[in-house]
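Below is one structure, written out as structure tokens; comments come after it.
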Amino acid sequence: MPLTKIQSRGITDGTIVNADINASAAIAGTKISGAGKVLQVVSTTKTSTFSTATTGSFVEVTGLNVNITPSSASSKIFISGIVAVGHSTSTAGLYLKVQRDSTDIGIGDASSSSIRSMAGTDVREYQTRQLSINFLDSPNTTSAINYKVLIQSPNATSHINNDGEADGTNHTQPISTITVMEIAA
């Protein structure tokens, strides 16, 4: 027998109307409150390639950055993304970091001469790897913030969205993306 009526002792008849439960009905932001609420999302995707020669220092990846202005100084900013990297050298290390304006965030502790980064990998000749970005930042501001991706390879030319080889059916040209979400604290 199909269920036709739900009885409840805590909900007054007529309190919930069809607009509250229709698939197309939106829930007003004012009805959702508290920590963990996503307040805004900003994202960018880089589909073009980018290359930088060996420099021994981090270089900003052109077009792989986002701007966000937090609505509250107590908000957290969750940064996520994926960056496709490649090399045209037999084996080379490649390192990635994210900066909030000009401040490094989410990097490893200093250790001898190791490169401090958020992520890193060894990339073989004419291969691509994907480096992940996942970090919860506490910027403590309501001013506009720029989050940007930087890369470094101490011994080879680094490529974004390319495996370092000429175009062809044996080569890939993926995408890279960065997304930031303001989270209520």
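Sequence positions, counted from 1, serve as the residue numbers for this chain. We use all heavy atoms of the structure for the numbers below, so side chains are in, but hydrogens, waters and symmetry mates are not.
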* What's the verdict on side-chain contact (heavy atoms from CB on, under 4.5 Å) for Ile183 and Val38, showing C-alpha distance, side-chain angles and the deciding distance? -> CA-CA 5 Å; Ile183 310 294; Val38 176; 3.8 Å; yes
* Stepwise, does the side-chain contact (heavy atoms from CB on, under 4.5 Å) test hold for Phe78 with Thr179? -> CA-CA 8 Å; Phe78 182 68; Thr179 300; over 6 Å; no
* side-chain contact (heavy atoms from CB on, under 4.5 Å) evaluation trace for Val83 with Val149 -> CA-CA 9 Å; Val83 181; Val149 175; 4.1 Å; yes
* Show your reasoning for whether side-chain contact (heavy atoms from CB on, under 4.5 Å) applies to Ile115 and Gln152. => CA-CA 9 Å; Ile115 296 170; Gln152 173 188 349; 3.6 Å; yes
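One side chain, Glu182 or Ser71, offers a donor N or O that lies under 3.5 Å from an acceptor on the other. For the residue pair Asn67 and Asn146, a side-chain donor N or O sits within less than 3.5 Å of a side-chain acceptor on the partner. Side chain to side chain, Lys46 and Ser48 meet the donor-acceptor criterion of an N or O pair below 3.5 Å.
The distance from the CG atom of Leu131 to the OG atom of Ser117 is 8.5 Å, given to the nearest 0.5 Å. Rounded to the nearest 0.5 angstrom, Ser143 OG and Ile68 CD1 are separated by 13.0 Å. Atom CG of residue Leu64 and atom CG of residue Leu150 lie 9.5 Å apart, to the nearest 0.5 angstrom. For the atom pair CZ (Arg129) and NE2 (His87), the distance works out to 10.0 Å, reported to the nearest 0.5 Å.
One hydrophobic cluster, built from ILVMFWY side chains closer than 4.5 Å, cannot hold both Ile107 and Phe135; they sit in different ones. Both Val59 and Tyr147 are assigned to one and the same hydrophobic cluster, defined by single-linkage of ILVMFWY side chains at heavy-atom distances under 4.5 Å.
Side-chain contact between Ile77 and Leu136 is absent, with no heavy atoms from C-beta onward closer than 4.5 Å. Using a 4.5 Å heavy-atom cutoff, the side chains of Phe50 and Ser158 are not in contact. Residues Val66 and Ile79 fail the side-chain proximity criterion, which asks for heavy atoms closer than 4.5 Å. At a threshold of 4.5 Å between non-hydrogen side-chain atoms, the residues Ile82 and Ile133 do not count as touching. Looking at Ser138 and Asn140, their side chains never come closer than 4.5 Å, going by heavy atoms from C-beta outward.
The only member of Val85, Ile175, Thr52 that meets side chain to side chain contact (heavy atoms under 4.5 Å, CB included) when paired with Ile160 is Val85. Each of Thr44, Thr49, Asn161, Thr47 was checked for a side chain to side chain donor-acceptor pair (under 3.5 Å) with Ser176, and the lone residue meeting it is Asn161. The side chain to side chain contact (heavy atoms under 4.5 Å, CB included) with Pro70 is formed by just one residue from the set Leu39, Ile145, Val180; it is Ile145.
The minimum heavy-atom distance between Ala185 and Ser74, with the atom names listed, is CB-O, 2.9 Å.
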Could you pull out all donor-acceptor pairs under 3.5 Å where a side-chain atom in residues 93-100 meets a protein atom, sequence neighbours excluded?
unit_1, atom_1, unit_2, atom_2, d
Lys97, NZ, Asp104, OD1, 3.0
Lys97, NZ, Asp104, OD2, 3.0
Gln99, NE2, Asp104, OD1, 2.8
Arg100, NE, Asp137, OD2, 2.7
Arg100, NH2, Asp137, OD1, 2.8
Arg100, NH2, Asp137, OD2, 3.4

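Residues in residues 142-159 take part in no salt bridge (charged side-chain N to carboxylate O under 4.0 Å, His left out) pair, two or more places apart or across chains.
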